[in-house]
K.L.:
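Have a look at this one.
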Amino acid sequence: MAWRWVLAAVLATSSLSLLGSAFNEFTSDTLINNVVQDPITSRLYVGTVNTLYQLDQSLHSEARTRTGPELDNRQCTPPVTSCEEAVETDTITSCSSFHPSKDILIVCGSLYRGIWFSEEPVYVEQAAQGRVRPGNRPCFTKKGLMTAVAVAVETEHAVAFLGTTLGEVLANSDGHSESFLQACHLKTDCKSCVAQKDPYCGWCVLQGKCTRKGDCPRAEDDNTWLWSPNQQCVQIQAFNPPNLSCRKTKQCERSLICCAGCIACVTSEWQCQWNAQDHTCSDRDDSVDGVHIIKADSCPQFENPDPHLIPVGHPIPISFQGKNLDIYKDHTFKIGTELMKHTEEEFTFNEGLKFNFNGYEVMVLYNCSLGREDCSLCKNADPKYNCVWCANMRSCVYRKLCGSQEPAQCPNPKITDIIPRFGPLKGGIVVTIKGSNLGIKEEDIKKVTVAGVDCVHQGDRYSVSTRYSDSGGAESHPWPINQGVVEVEVEGGRTGRSEVLFTYRDPIPEKVSPSTGPAAGGTVITISGKHLDTANKDDVIVTVGGTPCKVLSFGSEITCETGVYKGQKVPSETLSVSMRYGKSTTKDVPGSFQYSENPKLTDYSPKNIQRLTASHLSLSPQGRGFSKAMTAEEAQAFVGDASCKVTILQDDKLFLEAPSTQPRARSKRQRRDTSSDPLDLTIKFGNGEWVVGSVNYERKYEVPLAIIIPAVIVPMLLFIAVSVYCYRRKSQQAEREYEKVKHQLENLEESVRDRCKKEFTDLMIEMEDQTNDLSEARIPFLDYKTYTDRVFFLPSKDGDNDVMITGKLDIPEGRKVIVAQALNQFSNLLNSKTFLINFIKTLEGRPDFNARSRVYFASLLTVALHGKLEYYTDIMRSLLLELMEEYVHSKNPKLMLRRSETVVERMLCNWMSICLYQFLRDSAGEPLYKLFKAIKHQVEKGPVDAKMKKAKYTLNDTGLLGDDVEYCVLTLQVLVHGEGPDVTPVKVLNCDTISQVKEKIIEQVYRNLPYSQRPKVDSVALEWRPGSTGQILSDMDLTSQKEGRWKRLNTLAHYNVSGSPTLFESVIFCLMPTEHVHGVPVENALLEDDKVFHLVRPVDELDDVKSKRGSLKAKATTKAIAEIYLTRLLSVKGTLQQFVDDFFRSVLCSGAVVPPAVKYFFDFLDEQALKHDNVEEETVHIWKTNSLPMRFWVNILKNPHFIFDVHVTEVVDASLSVIAQTFMDACTKTEHKLSRESPSNKLLYAKEISTYKKMVDDYYKGIKQMVPVSDQDMNTHLAEVSREHTDTLNTQAALHQLYQYASKYYDGIIQSLDEDPAAQSKQLTLRLQQIAAALENKVTDL
């Protein structure tokens, strides 16, 4: 047995007397758990199931004691004397440790939830009782039942951890003290460290901190580590000598440097010297000499930088004063700063020890425009910054950056808002004026008038240029309302007027409700009247008879909460409600509120309600103040457990509506008492509840049939008569509407005829236009790593910064070797099928492991196991078999593989992507790329709205530009800056925005380069040179056209770029950073405005108002004409039909090369379908469709940038989505019935769907008839793929990310492995614990 050689191995390493002789054996009747040796007597203590043995050196049994079985159960709480679930249970006896100084053996057992017991080894036969022999042994008592105990040895002292039923965890060391354990590092001085009496802590004298003994160096020396329970501290009184070099003691590492830096080195108290050649500091040595040895205050220095301030965007030379630089004669210096990043600049040496270097734009120290949006703020800047207001740039800039002189005065003030906009006639409130250029200091404010009334300026609330507050003056006009603008006069006679008006008016409170409330306060009263929202909420003070009333809401009505009434007379007299607006205006509502007594309940009648009918129940509680306490809606009444509606609430009585059917009793006791017919009647006021009496329900009388028949027939006859009358009225109205609509249709006929003729002409032209000009240059396929990164990890929540795309792990340099070794061990662990299956199932069983996490986890697993794709395929097959069993027997089989709801479904998608990569490059990639280029070409032939993302030529009706846009084709002669004199002709539209023109130029000029290597649109500028001068073109500038509140993006037509063949247009395409082009920041700022459009202006609220005024004829015309443009979809479809057919044939042609993975997986599905009787042929068809076309081809078709290095715009993506939907419809068995209400996208390819469906069926049949692919051939193919591409993937990053999931669900994985016998036999739990300990220092049970 295994425990025999374990025991022999322990004896061989622990007993020297047995060396060289034959091993003795000890045989136990039950399983041995552990062995502990007494280091003094060499006795062995063996813990087995239900028994504890004491053996001598020859393994002869000296004593034994029974520790089980005993009555116990996991559900029982010790003691188990009263537990019904207790049964005979074995105990696993374990000898935890032996305390040599105390001569105590610590024995633990699995019974009674692990309650421990300790005993002297000599008397082991008494250990089963859990008692300590009498004598000088530590004893500890504590109130409450002890539920858990653990024992450890620390610094040769036994420490017991005790858990009680009171929720306490206590520590006891040798029975002398009782304390809660605290962390050592939380104590910062010796006194607090020893005061806690923590047996695990002590004061480390050399380090000066509270630590455990093992963490303190030289802890074994006397007075070096002071144990906390000893209550001792060391105090240093004096030391000699006061300082000493670490090198002269010869007790330090030679790598230590006394000082750092030349000045700090030579001026330190340690007598150091500086070596200027190797830049090191060492002890002063008179034997070492030379000009490079500096011993005094003669360090080389750069001092007095000039200037100290560097503005944004302007290079400024900087000079330093050199000192003690003779030793560096004929040397070259370079300078670099943190702000300059990796930029370095050489010094130039001038006379007088001056060193200069040119400034750089990246040296940003201050920015004039930041926080100085207007002229006044700019002029208020500190003069040392040299900030000026540049009128041309309309911005605050550095003085030398402005090409014009700074204006002497700022523009006139501009007022943007007034708070509040209403004030009382007598003034006295604070008015806040917001705007710009409102002066530099408070003295600049010369005069302020509000609606013609002077205001007193409040300087303490003044904010430079943007805001100041004034106390409103009094208005003396006789009329009740006056309004006007706010005028501000600032220094220099400049004035500003507001566009909004300020109104003087008189607030008139008229009514207060409710009129009464309890003296305790808390009543919310509402004050209504006219113009109550005058001034601000903070300006209004409300009182009720002098008692403050807290204002809750402020508007057309004001609500406030009454305070506690402190008067002597209750109820009070009717009091006035006063409202004070500011300092001068007070309004009263006389006699509007009265404080009443707090409500009290004194009695009720009748005392007992014996028998009443349930239809009319009246109750009269006696007291006072009921209606003052609450309303009828707030009062509650119950008959049994049913609520009754309180209809009327008076000061001394209630009226209720009893339930129509008899409810149940509220108390459980009364429900069991079937003889008790009366039900309790309960009244509740707030938290008070009274049982008033009881109610009896009587049986209702039967209604005679003579009454029922007339009551039913008469209403039916009335209903029929009314219905006939309404029908005739509606019919006449419908005839009038028909004549009206007929007249409108006749008016539309001519317009429709003209537009159809125009669209038909465009259709014929486009059908004849061929797209044979597609470039035959090489197809920009992505490499394998980029392809898998995009397919597996895009879109990701981190985007291109995902660690799997960047491959950068944030691991400290010192741990990289350990982490790499641990990740290799984790990789080996993933290659265990038992572990991996348990890993995946544990994660899928957690509710927080959502769909996004499943997809990301499966992609990580694909990369991590890419080196063994045959093993990856085996795992996928096993999981698919389990998934198939689940769907076939408990779910709808047709839904399998429909969505990526499990890890294995995403693994299948990744597996297909890996296996079909070469097929894409060899076969299907070319027709797909031509289809993409053809769609892009067709879309860009016509206008494309840059803001609405709609195009004239598209396949998607939602992306169709439903307006007639006049445009013409221009051919620009493009000269690329810095690439020679060759001119490239580029076709553009005069309605294209400047960004669209730049995109087409880049597309044509760099057509032989992949998209990632081309310059981006934002990185280049477009310059138009019609003559000797040049003009930078941009999407938005100060010349942009405005239409109301909207701005139109600039186009070539806006700049009058003509398409006339007699005019030679020369356009230079400049490749330069956009920040070097003046005006680009202005353009970017203008583009941030939301009210920007390109071709079609969106309908806003102003247009909605205008449209409501329009006639029905105009509305009908607009709607009818909008549908006419759907004929353009047919034009684009006819042009692209050949490219769509070519792509479908390349994918769905079984006569050509079929990837072996497709044949292999389809055979696998067919084989599994035969094993289940309830799987139909249609179900297998759906499985194949979900696994290949839906899961792979649709994804590639909608995202060409996954396989090609191209950019897919939104308008092109809209057309690709229509083709992808057609592809999905072709792969389904469901017949789609089309009608006039069907979507336009489905109607577009309705004719071709039947052809495509036949292609899919033939494709599946052809694959089924092919020669099967054996497992050996498939594994060979997969091994070749692994060999070619695994080295390019971020395998280590994938393993690191996978381990994050293992760490997050660590406990669940450990539990799953412990419950799996196969995992236990392979020690998978131990291997995972070792990996966790290495990767994150996780404390394990190792």
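These numbers come from a predicted model, not from an experiment.
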K.L.:
Will you find, in the side chains of D588 and S576, an N or O donor that is under 3.5 Å from an N or O acceptor?
P.N.:
no
K.L.:
Have D454 and T449 got a donor and an acceptor in their side chains that come within less than 3.5 Å?
P.N.:
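Per modelled atom types, D454 and T449 side chains form no pair under 3.5 Å.
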K.L.:
Do N1050 and S1040 meet the criterion of a side-chain donor-acceptor pair at a distance under 3.5 Å?
P.N.:
yes
K.L.:
Considering non-hydrogen atoms only, spot the tightest contact between V1096 and L961 and give its length.
P.N.:
CG2-CD1, 3.6 Å
K.L.:
Please assess T543 against T547 for the test side chain to side chain contact (heavy atoms under 4.5 Å, CB included), listing each intermediate value before the final yes or no.
P.N.:
CA-CA 5 Å; T543 59; T547 302; over 6 Å; no
K.L.:
What heavy-atom pair brings K947 and V1092 nearest, and what distance separates the two atoms?
P.N.:
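That would be CE-O, 3.8 Å.
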K.L.:
How far apart are the closest heavy atoms of V453 and Y504, and which atoms are they?
P.N.:
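Nearest pair, atom of V453 first, then Y504: CB-OH, 3.4 Å.
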K.L.:
How many angstroms lie between CG in L377 and SG in C410, if you round to the nearest 0.5 Å?
P.N.:
9.0 Å
K.L.:
Is there a side-chain contact between T495 and E487 (heavy atoms, below 4.5 Å)?
P.N.:
no
K.L.:
Looking at side-chain heavy atoms only, is the closest gap between T523 and I525 below 4.5 Å?
P.N.:
yes
K.L.:
Between K530 and D506, is there a side-chain N and carboxylate O pair less than 4.0 Å apart?
P.N.:
no
K.L.:
Test side chain to side chain contact (heavy atoms under 4.5 Å, CB included) on K998 and V1020; report intermediate values, then the result.
P.N.:
CA-CA 8 Å; K998 289 193 286 187; V1020 297; 3.9 Å; yes
K.L.:
Could you grab the distance from atom CG of L1022 to atom CD1 of I1032, nearest 0.5 Å is fine?
P.N.:
7.5 Å
K.L.:
Please state whether the rings of Y565 and Y595 are parallel, tilted or perpendicular, taking 30° and 60° as the class boundaries.
P.N.:
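Y565 and Y595: parallel rings.
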K.L.:
Is the backbone N or O of V486 less than 3.5 Å from a side-chain atom of S498, with the two atoms forming a donor-acceptor pair by type?
P.N.:
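Yes, because the side chain of S498 sits within donor-acceptor range (under 3.5 Å) of the backbone of V486.
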K.L.:
Counting only N and O atoms by type, is there a donor-acceptor contact under 3.5 Å from the side chain of R580 to the main-chain atoms of V540?
P.N.:
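No, R580 side chain to V540 backbone: no donor-acceptor pair under 3.5 Å.
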K.L.:
Looking at T1051 and H1094, what are the two nearest heavy atoms and their distance?
P.N.:
CG2-NE2, 3.8 Å
K.L.:
Is it true that the side chains of S513 and T526 contain a donor and an acceptor less than 3.5 Å apart?
P.N.:
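Looking only at side-chain atoms, T526 and S513 do not form any donor-acceptor pair under 3.5 Å.
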K.L.:
Quick check: are there more than 12 heavy atoms from other residues, nucleotides or ligands sitting under 6.0 Å from CD of Q1031?
P.N.:
yes
K.L.:
Determine whether a donor-acceptor pair (N or O, by modelled atom type, separation under 3.5 Å) exists between the side chain of Q1041 and the backbone of R1048.
P.N.:
no
K.L.:
Compare all side-chain heavy atoms of Y398 with those of L401 and state whether any distance is below 4.5 angstrom.
P.N.:
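Sidechains of L401 and Y398: in contact.
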K.L.:
As an exercise, state the distance from CD1 of I508 to OG of S528, rounded to the nearest 0.5 Å.
P.N.:
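If I round to the nearest 0.5 Å, the distance is 12.5 Å.
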K.L.:
Please say whether more than 12 non-hydrogen atoms of neighbouring residues, nucleotides or ligands are located less than 6.0 Å from CD in E1043.
P.N.:
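Yes, enclosed.
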K.L.:
Inspect the surroundings of CD in E1210 and state if more than 12 heavy atoms from other residues, nucleotides or ligands are less than 6.0 Å away.
P.N.:
no
K.L.:
What's the spacing between R1097 CZ and K1047 NZ if we round to 0.5 Å?
P.N.:
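Taking CZ in R1097 and NZ in K1047, the distance rounds to 15.0 Å.
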K.L.:
Determine, step by step, whether V490 and I445 satisfy the side chain to side chain contact (heavy atoms under 4.5 Å, CB included) criterion, reporting the C-alpha distance in whole Å, the side-chain angles of both residues, the deciding distance to 0.1 Å, and the verdict.
P.N.:
CA-CA 5 Å; V490 297; I445 308 301; 4.0 Å; yes
K.L.:
For the pair S995 and D1035, evaluate side chain to side chain donor-acceptor pair (under 3.5 Å) and give the outcome as yes or no after the intermediate values.
P.N.:
CA-CA 7 Å; S995 294; D1035 287 334; 2.3 Å; yes
K.L.:
Within the structure provided, determine whether V589 and K511 are in side-chain contact (heavy-atom separation under 4.5 Å).
P.N.:
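A side-chain contact under 4.5 Å is absent here.
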K.L.:
If you compare all heavy atoms of F422 against all heavy atoms of I429, which two are closest, and at what distance to 0.1 Å?
P.N.:
O-CD1, 4.0 Å
K.L.:
Is the SG of C378 found under 2.5 Å away from the SG of C368?
P.N.:
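C368 does not pair with C378 as a disulfide (SG atoms not under 2.5 Å apart), so no.
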K.L.:
Side chains of R505 and T534: any donor to acceptor distance under 3.5 Å?
P.N.:
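Yes.
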K.L.:
Would a 4.5 Å heavy-atom cut-off, applied to side chains only, mark F593 and T574 as touching?
P.N.:
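A side-chain contact is absent here, since even the closest heavy-atom pair is not under 4.5 Å.
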K.L.:
List the atom of Q594, the atom of S572, and the distance in Å for their closest heavy-atom pair.
P.N.:
NE2-O, 2.7 Å
K.L.:
Just verifying a value: how many Å separate C991 SG and E966 CD, rounded to the nearest 0.5 Å?
P.N.:
10.0 Å
K.L.:
Going through the checks in order, is the side chain to side chain contact (heavy atoms under 4.5 Å, CB included) test met by Y581 and L532?
P.N.:
CA-CA 10 Å; Y581 286 84; L532 298 185; 4.0 Å; yes
K.L.:
Answer with yes or no whether the side chains of T1039 and D1037 bring together a donor and an acceptor at under 3.5 Å.
P.N.:
yes
K.L.:
For the CG atom of N1056 and the CG atom of N990, what is their distance to the nearest 0.5 Å?
P.N.:
10.5 Å
K.L.:
Does any non-hydrogen side-chain atom of S1034 lie less than 4.5 Å from one of I994?
P.N.:
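In short, these two side chains do not touch, never coming nearer than 4.5 Å.
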K.L.:
Checking the side chain of S596 only, and the main-chain atoms of G517 only, is there a donor and an acceptor separated by less than 3.5 Å?
P.N.:
yes
K.L.:
Taking the side chain as every heavy atom from C-beta outward, state whether I527 and M579 have any pair of such atoms under 4.5 Å apart.
P.N.:
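Yes, close enough: below the 4.5 Å cut-off.
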K.L.:
Heavy-atom distance under 4.5 Å between the side chains of L1033 and E1023, does that happen here?
P.N.:
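SC-SC contact between L1033 and E1023 ruled out.
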K.L.:
Using only the SG atoms, decide whether C549 and C560 are less than 2.5 Å apart.
P.N.:
yes
